[in-house]
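These notes concern the structure reproduced below.
Predicted, not measured: the structure shown is a model, and the values here were computed from it. Letters A, B, ... mirror the listed sequences (proteins, then strands); counts begin at 1.
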Amino acid sequence: MLDIKFIRENPDVVKQALAARKNDADIDALLALDTARRAAITEVEELKSSRNSASKTIGGLMKEGKKAEAEAAKEEVRRIGDRIAVLDEQVRELDEKMLQTLLFIPNLPRPCVPVGKDETDNVVVRTFGEPKKFDFEIKPHWDICEALKLVDFERGTKITGAGFPVYTGQGARLQRALIQFMLDLHTTEHGYTEIEPPFVCNAAAMTGTGQLPKFAEDMYHINLDQLYPVPTAEVPLTNLYADEIMDIDRPVKITAYTPCFRREAGAAGRDTRGLLRLHQFDKVELVNFVKPEDSEKQHEILVREAEKVLQKLGLHYRVIELCTADIGFSAAKCYDLELWAPGVQKWLEVSSVSNFWDYQARRARIRCRDANGRPQFVHTLNGSGVALPRLVVALLENNQNADGTVTIPEALRPALGGLEKLG
RNA sequence: GGAGAGGUGGCAGAGCGGUUUAAUGCGCCGGUCUUGAAAACCGGAGAGCCGAAAGGUUCCGGGGGUUCGAAUCCCUCCCUCUCCGCCA
């Protein structure tokens with residue numbers, strides 16, 4: 001959520017930033033609500049002030065036994081009370097309208113974010129490794145999965161539906177090993193505290209991080225209990241500190257594995273084959289809470305931490321900086337990590353590393369204290385560290401051998417009991 | 001699921017219609033003392049909103065009601081704890 005004070009004082013900056021990300025929010029209408037709200041508050045508070053002092057006077061009169069005078073005063077105060085009730089209701093309605101407007105306005109991209117018209121204007125920041133050369137005919141991952149019986153695509157549709165993969169045998173074990181490998185890396189080398197959160201969250205949490213109310217259609221919803229299966233661990237992890245004043249002399253860094261559930265509304269028919277786009281997938285997520293002055297520096301550290309996973313696995317990847325038109329709703333700045341998958345001949349997004357500035361913190365009321373001890377909103381950051389299915393795709397397609405086996409990267413073998421090859 | 005108890009500042013815990021401007025303790029910050037620290041003593045400090053400021057206003061789990069006036073009385077919902085039931 002944006003700061004209404006900032007919008008009031010910098011309407012043109014806000015309009016320009018929103019235009020850069022192709023958002024058409026009506027800022028002038030919002031500011032009109034703001035003006036009306038403040039006028040109503042000023043009026044009602046003056047009335048409340050006079051009611052309060054009059055009530056004190058009545059208390060005194062009652063004690064002195066001046067019944068008649070007290071009754072006259074009561075009548076006067078009752079009229080003030082009626083007027084207050086009307087104005088209070090007005091303020092409540094204006095508050096609600098403003099909130100509903102603000103909840104649908106996205107974050108402002110930082111000035112440093114490249115301006116663009118769509119994803120083709122994203123910028124490649126750096127590239128790691130080289131595309132691998134093969135001296136045999138390589139297979140796409142779905143053929144490898146079938147040959148080595150890593151995923152049972154057929155039976156999965158029977159129990160749930162398309163997009164809910166059933167990993168089997170070494171495929172299932174590979175999932176578990178990757179989760180362990182990533183959690184161990186981040187906790188032992190990057191200073192993260194491991195969390196195992198609930199896999200469902202309530203509407204307040206979903207609103208805190210920005211999934212609700214705008215993206216309700218992208219989420220599964222357990223109607224009977226008003227709970228949402230998490231679309232990312234970002235939701236439970238970030239909201240862990242909702243309504244708190246945090247002590248963050250140094251960044252608070254937490255990580256968790258969760259399955260992620262996404263309806264992928266609007267993406268029907270895209271990437272239907274294999275593991276490229278799923279309704280349920282596994283992910284290890286990294287979440288940071290930092291003081292405002294530290295967030296830009298910490299964002300660079302965070303993206304390096306996510307990259308470390310790919311480097312250790314020896315995969316060819318690139319870091320993309322998203323342009324203003326492609327950046328996520330809640331993000332102020334965002335890097336994506338993309339793996340090269342030679343079988344499908346595509347760059348695959350396996351991580352999104354975002355700086356949310358104070359946008360989520362304001363929605364979820366996560367604060368810390370500034371140098372003077374005054375409360376201020378923290379900055380939140382998060383990054384996938386990383387999402388599994390596309391990582392598996394890249395591992396299988398890059399490490400496949402002519403004999404149909406797949407070589408396990410050195411770094412991953414301990415988590416697989418020393419296994420060197422799949423198949 | 002049933003019965004009972006309870007939700008008050010960072011924590012503990014009083015208050016149960018009108019000097020509550022929410023006592024008190026612990027913890028926290030500053031100071032005195034000390035070579036330094038601890039202890040002791042003195043002082044300070046809740047959050048949101050409106051306001052340039054002075055100041056005002058709201059907040060005792062959420063919502064609603066009674067009243068001139070509600071932390072305090074009533075209704076309702078939520079949550080926590082204890083016991084019972086069921087159970088991995």
Pairwise [atom1] distance for [N] and [M], with rounding to whole Å:
| N | M | atom1 | value |
| --- | --- | --- | --- |
| B:C41 | B:U8 | C1' | 30 Å |
| B:A22 | B:A70 | P | 15 Å |
| B:G55 | B:G7 | C1' | 34 Å |
| B:C75 | B:U66 | P | 15 Å |
| B:A71 | B:G63 | P | 13 Å |
| B:G27 | B:C84 | C1' | 39 Å |
| B:C79 | B:G61 | C1' | 7 Å |
| B:G13 | B:G18 | P | 25 Å |

Scan for salt bridge (Lys or Arg N to Asp or Glu O under 4.0 Å) pairs involving [range], sequence neighbours excluded, and state none if there are none.
| range | value |
| --- | --- |
| residues 230-246 of chain A | A:D243-A:R365 |
| residues 156-176 of chain A | none |
| residues 95-106 of chain A | A:R37-A:D95 |

Not counting sequence neighbours, list each pair that qualifies as a side-chain hydrogen bond (donor to acceptor under 3.5 Å, both in side chains) and has a residue in residues 189-199 of chain A.
A:H186-A:H190, A:E189-A:K312, A:Y192-A:N288, A:Y192-A:E305
Whole angstrom is fine here: how far is it from [atom1] in [X] over to [atom2] in [N]?
| X | N | atom1 | atom2 | value |
| --- | --- | --- | --- | --- |
| A:L99 | B:G48 | CG | P | 17 Å |
| A:D88 | B:C50 | CG | P | 15 Å |
| A:R38 | B:A52 | CZ | P | 8 Å |

Could you tell me which residues satisfy salt bridge (charged side-chain N to carboxylate O under 4.0 Å, His left out) with A:R273, sequence neighbours excluded, listed by chain and number?
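None.
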Who are the salt bridge (charged side-chain N to carboxylate O under 4.0 Å, His left out) partners of A:R21, not counting sequence neighbours?
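By the salt bridge (charged side-chain N to carboxylate O under 4.0 Å, His left out) rule, A:R21 matches no residue at all.
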Let's test your reading of the pairing rules: Watson-Crick or G-U wobble, both distances under 3.5 Å, then write RNA chain B as a dot-bracket string with ( ), [ ], | and dots.
((((((((.[[[..)..(.....]]].(((((.......))))).(((((....))))).[[[[[..)....]]]]])))))))....
Check step by step if side chain to side chain contact (heavy atoms under 4.5 Å, CB included) holds for A:L381 and A:Q298.
CA-CA 8 Å; A:L381 306 101; A:Q298 190 62 30; 4.2 Å; yes
Is the phosphate of B:G48, meaning OP1 or OP2, less than 4.0 Å from a side-chain N or O of A:R367?
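The answer is yes; a side-chain N or O of A:R367 sits under 4.0 Å from OP1 or OP2.
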Base contacts versus sugar-phosphate-only contacts with protein, heavy atoms under 4.0 Å: please encode nucleotides 56-76 of chain B as B, S and - from 5' to 3'.
BSS---------BS-------
Could you go through residues 255-263 of chain A and list every donor-acceptor pair under 3.5 Å that involves a side-chain atom there, pairing it with any protein atom two or more places apart or in another chain?
unit_1 : atom_1 : unit_2 : atom_2 : d
A:T255 : OG1    : A:E285 : O      : 2.9
A:Y257 : OH     : A:D282 : OD1    : 2.7
A:R262 : NE     : A:P231 : O      : 2.9
A:R262 : NH2    : A:P231 : O      : 3.0
A:R263 : NH1    : A:E217 : O      : 2.6

Give A:R8 one of three labels, base, sugar-phosphate or nothing, depending on what nucleic acid heavy atoms sit under 4.0 Å from its own.
sugar-phosphate
Do A:H299 and A:Y335 make the cut of ring centroids closer than 6.0 angstrom?
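So the answer is yes for these two rings.
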